Amino acid sequence: MAENTQMNERQREAMEWTEGPELILAGAGSGKTRVLTHRIAYLIREKQVSPWNILAITFTNKAAAEMRSRVDALVESGAEAIWVATFHASCVRILRRFIDRIGYDNHFSIYDSDDQKAAMREVMKKLNIDPKQLRERSVLSAISAAKNEMIDSERYEREAADYLETRIAACYRAYQDLLRKNNALDFDDLLLKTVQLFEADPDVLAYYQERFRYIMVDEYQDTNTVQFRFVELLAKKYRNLCVVGDDDQSIYKFRGANIKNILNFEQAFPGAKVVKLEQNYRSSGNILDAANGVIQNNEGRKDKRLWTAAGRGEKVQLRRYASAAEEAEQITEEIKVRCQDGAYGRFAVLYRTNAQSRILEERFVAAGIPYRLVGGVNFYQRREIKDVLAYLKTVANAADDLAVQRILNVPKRGIGAATVSAVGSFAADREISFFEALREAPASGIAGRSSEKIQRFLNLIAVFRRESEKLPIADLIRLVLEKSGYQEALKEEGDLEAQARMENIEELISKAVDFERDLSDVSDRAEEGLPADLPPLDRFLEEVALVADIDRAEEGERVTLMTLHAAKGLEFEEVYISGMEEGLFPGNRSIDDSEEMEEERRLCYVGITRAKQRLSLSSAKSRIVNGELRFHRESPFLAEIPEELIERQKSARINDDPLPASGAHRSSSYSGQPKPAAFGKIFQVEHMKTLPYEVGDRVRHARFGVGSVLEIKDGKQDFEVTVEFDELGRRKMLAGFAKLEKLTS
DNA sequence: TCGAGAATTGTTTTT
DNA sequence: CAATTCTCGA
């Protein structure tokens, strides 16, 4: 929505209420970000509030960045002083400064989910718990749930009701000890420790209460109990708390989001002003009514109904296909037909699970339609990136045993599991860190034959540490790659995958360059009187820990492919939601649980309301899930859309054999059956015969620049394309990975 | 100690 | 189906 259009009455009312608690119930597409940003500008301009006293909290980095730039555009001066950050980033900032007050070291590492898994594995080994009996995953999620509810390990132990919980309690305690020993916090700890800090140290709390006199929280329906407490504590003194949310868009229950936070806001903050934003500026009437039709089946929601001044628009398209392959093919085809002007950015294809993206991607590549895949495997989770980061972490925080262990034998140095466990138990005996144990190992003969190799490793790290003092991070990474032999090992592998890894590392390096440039630009920390002693490397690692994905340049017009969750907060002219099937969306687990069903329904509501002009919902009669062919009926949500809004089409390829009755078996899996001959034959992708370019074409690569295609070879999974780049010379790459763009000139 | 091949296992969704 | 873990031979 354009920033300069007039605000409607409700929006203005919400904006102008600045003193005391306020709940803004902002339906999808009702302009809530607009209200928030204008409210900030209003506080500063009309109410003479210092930007310094404003805190705006979001959930995602994307949302924070978006809000930041819109506020910057609106506020003429002093905008940098406004704190706009995610919950996690805010907490890190506070903890870096004050966590020593509750007995931690300010230089803590932040563990991501992989680190957590590794830590838990170690814990369970130590406690002699069979990982088959009790999965580390489920222990971790139990711990996470506990932390979200602010239950520490002691209390968990006390309240453990059965044997299983007792075991988990033991893991919890040991896990927490391990993190503590490694000087690390996990994501949940960031919030929990901040709240504990506030509760333990009135001075710190008072400092931040005074600082943040005006607090705004976006996506309030997604807050969990710790987050609520965090906000509640901060707002306690001035009570200028404004939360914006939509209970119908609460889709993160699995992550501890407590929908009661929004439903009971008025009880928690008596005298709260409540404003409902119900006018939708995004979708056409039919789409909006479809959304309303679905969501009204949920109970226990705040009463509201979105309306629009726009016309009916096109009807909602409902499609039924014979197979997931056909679905993907038809969606691709339709987009191609509907997009004559090449403005592919208008389209998005949404789905329930990331696994569904692959089949779509294949078709997009085959059709030569540019697309952008959001989510999936995080950039920072890739092996090579984690390896490099582990080197950096080792340099920055030698107490981070996990990082040290990760790189000790990467690349291969002939230091194996036997040595690691010997050094590990040596470290445990002496109560020293793994790294220190490594240092002493050669002398005390612990490591035996590996002593020399360990010594070489230690020297390597010592060099890095020395150099890290004076080198920019990017150069340090290059040094690590070279001296550690990592680069050479990759080169030796020599295949395209190795090259892709190298490219990713290059991307990390350029990220580091950007980071340090930004750092020298404006340092918002400096003016806050933060001890400037936090070295750039530490800050870089911190940033990287809190950012899920690298923001790849969004150059060019591309169709967006992403999960429904990732789509929240976005909008597109035309939206395709694929896989509208019972058993997939809603998932099998949700079907006999009404709370889960409501969550899925909200997710469906979120998906529908992303569409501005045209919405297409499709399902496939058969689809391969986890390697087995499954048959699904249409999602029950489709039946909740009023018939008169719908335009239906059914694939001619569907035969009308009835599907088995629903209650018969919960998973309608037919895995044992022989495949009908029709499958595979008809839908076989004729091996991506169509790349959008051919030999001799001029193409552009996101980073390598412009070049000419020399050769296209039919590889195992993808085409191998050789390009002669003008600047960088000859490179071989996978077509799917390199995403080359044909130049028309 | 390491790599290749076999076996097994799993799914939501993410800061 | 694909990613991870396991097992075994060298």
Side-chain angles (χ1 to χ4, degrees), chain A residues 57-64 85-92 110-114 116-117 121 131-132 135-138 141 144 147-148 185-191 218-219 222-224 226-227 249-257 324 350-359 362 374-378 380-383 408-421 448-450 453 493 543-549 562-568 579 583-591 596 599-600 602-604 606-607 623-630 667 671 717:
Chain A
I57 296 185
T58 64
F59 271 81
T60 64
N61 295 293
K62 206 167 57 183
T86 63
F87 273 104
H88 296 270
S90 306
C91 289
V92 169
I110 300 168
Y111 276 9
D112 69 10
S113 53
D114 284 345
Q116 287 180 288
K117 237 173 83 192
R121 195 177 308 169
K132 285 198 176 110
R135 287 178 224 295
E136 62 206 16
R137 238 182 71 76
S138 59
S141 70
S144 173
K147 286 180 176 177
N148 286 159
L185 301 182
D186 65 22
F187 279 123
D188 301 314
D189 283 336
L190 296 177
L191 282 147
D218 193 13
E219 304 284 9
D222 289 328
T223 49
N224 60 34
V226 216
Q227 288 162 339
Q249 293 188 65
S250 168
I251 54 175
Y252 284 109
K253 197 179 109 196
F254 71 95
R255 218 168 66 189
L350 311 180
Y351 36 79
R352 181 67 240 265
T353 66
N354 272 313
Q356 291 166 253
S357 70
R358 210 182 46 86
I359 191 164
E362 281 172 6
V374 177
V377 201
N378 276 339
Y380 292 108
Q381 309 245 82
R382 291 166 200 267
R383 199 212 307 162
L408 181 57
N409 198 31
V410 176
K412 298 269 178 297
R413 300 189 175 87
I415 307 175
T419 311
V420 171
S421 84
R449 301 186 292 285
S450 306
K453 297 167 187 163
E493 279 180 47
E543 153 120 350
V544 156
L546 292 177
V547 174
D549 223 329
M562 63 185 157
T563 64
L564 289 152
H565 281 86
K568 192 167 74 155
L584 185 66
F585 183 30
N588 271 322
R589 282 156 296 277
S590 314
I591 283 173
E596 292 283 319
E599 174 115 340
E600 297 277 306
R602 289 192 290 269
L603 191 55
C604 182
V606 166
R623 148 181 336 261
I624 293 169
V625 182
N626 290 350
E628 69 181 12
L629 185 64
R630 298 206 308 189
S667 92
S671 58
Q717 334 148 349

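In what follows, chains carry the letters A, B, and so on, assigned in the order in which the sequence lines appear, proteins first and then strands, with residues in each chain numbered from 1. We use all heavy atoms of the structure for the numbers below, so side chains are in, but hydrogens, waters and symmetry mates are not. Because the structure is predicted, anything quoted here is derived from the model rather than measured.
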Starting from [atom2] on [N], measure out to [atom1] on [X] and report it in whole angstrom.
{"X": "A:Arg630", "N": "B:dG10", "atom1": "CZ", "atom2": "C1'", "result": "12 Å"}
{"X": "A:Asn148", "N": "B:dT15", "atom1": "CG", "atom2": "P", "result": "15 Å"}
{"X": "A:Leu603", "N": "B:dT14", "atom1": "CG", "atom2": "C1'", "result": "13 Å"}
{"X": "A:Arg382", "N": "C:dA3", "atom1": "CZ", "atom2": "P", "result": "11 Å"}
{"X": "A:Glu600", "N": "B:dT13", "atom1": "CD", "atom2": "P", "result": "11 Å"}
{"X": "A:Ile251", "N": "B:dT15", "atom1": "CD1", "atom2": "P", "result": "11 Å"}
{"X": "A:Ile359", "N": "C:dA2", "atom1": "CD1", "atom2": "P", "result": "11 Å"}
{"X": "A:Glu219", "N": "B:dT14", "atom1": "CD", "atom2": "P", "result": "14 Å"}

(request) Respond yes when some side-chain nitrogen or oxygen of A:Arg137 is under 4.0 Å from OP1 or OP2 of B:dT9, and no when none is. (result) no
(message) Please tell me if A:Ser144 has a side-chain N or O lying less than 4.0 Å from either OP1 or OP2 of B:dT15.
(response) no
Separation between [atom1] of [X] and [atom2] of [Y], rounded to the nearest 0.5 Å:
{"X": "A:Arg413", "Y": "A:Lys453", "atom1": "CZ", "atom2": "NZ", "result": "11.5 Å"}
{"X": "A:Glu600", "Y": "A:Cys604", "atom1": "CD", "atom2": "SG", "result": "9.5 Å"}
{"X": "A:Gln227", "Y": "A:Asn148", "atom1": "CD", "atom2": "CG", "result": "7.5 Å"}
{"X": "A:Lys147", "Y": "A:Leu190", "atom1": "NZ", "atom2": "CG", "result": "9.5 Å"}

Of all residues at least two apart in sequence or in a different chain, which pass the ring-ring contact (aromatic ring centres under 6.0 Å, His included) check with [X]?
{"X": "A:Phe59", "result": "A:Phe87"}
{"X": "A:Phe187", "result": "A:His88"}
{"X": "A:His565", "result": "A:Tyr252, A:Phe254"}

(message) Whether the A:Ser113 and A:Gln116 side chains hold a donor-acceptor pair (N or O, under 3.5 Å, no angle test) is what I'd like checked.
(response) no
[X] near the nucleic acid: base, sugar-phosphate alone, or nothing, with a heavy-atom cut-off under 4.0 Å?
{"X": "A:Ala89", "answer": "nothing"}
{"X": "A:Glu596", "answer": "base"}
{"X": "A:Tyr252", "answer": "sugar-phosphate"}

Protein-nucleotides 5-10 of chain C N/O pairs under 3.5 Å:
unit_1: C:dT5; atom_1: OP1; unit_2: A:Arg121; atom_2: NH2; d: 3.2

(message) Could you report the tightest heavy-atom contact between A:Val606 and A:Gln249, atom names first, then the distance?
(response) CG2-CG, 3.8 Å
(request) Give the minimum heavy-atom separation between A:Arg623 and A:Ala324, together with the two atoms involved. (result) NH1-CB, 3.6 Å
(request) Would you kindly compare A:Phe87 and A:Val625 by the position of their nearest DNA chain B nucleotide and give the one closer to the 5′ end? (result) A:Val625
(request) Let me know, please, whether A:Thr86 or A:Arg589 comes out on the 5' side of the other along DNA chain B by nearest nucleotide. (result) A:Arg589
Out of [options], which nucleotide sits closest to the side chain of [X]?
{"X": "A:Asn61", "options": "B:dT15, B:dT14, B:dT11", "result": "B:dT15"}
{"X": "A:Asn354", "options": "B:dT14, B:dT15, B:dT11", "result": "B:dT14"}
{"X": "A:Arg135", "options": "B:dG10, B:dT13, B:dT15", "result": "B:dG10"}
{"X": "A:Arg358", "options": "B:dT15, B:dT14, C:dC1", "result": "C:dC1"}

(request) Would you say whether A:Phe254 stacks on B:dT13? The test is a distance between ring centres of less than 5.5 Å and an angle between planes of less than 30°. (result) yes
(message) With the stacking rule set at 5.5 Å and 30°, tell me whether A:Phe187 counts as stacking on B:dT15.
(response) yes
(message) Checking A:Asn354 now: which residues fulfil side-chain hydrogen bond (donor to acceptor under 3.5 Å, both in side chains) with it, not counting sequence neighbours?
(response) none
(request) For C:dC6 and B:dT11, measure between their C1' atoms and round to the nearest Å. (result) 22 Å
N/O to N/O distances under 3.5 Å, protein versus nucleotides 2-6 of chain B:
unit_1: B:dC2; atom_1: OP1; unit_2: A:Gly414; atom_2: N; d: 3.3
unit_1: B:dC2; atom_1: OP2; unit_2: A:Asn409; atom_2: ND2; d: 3.2

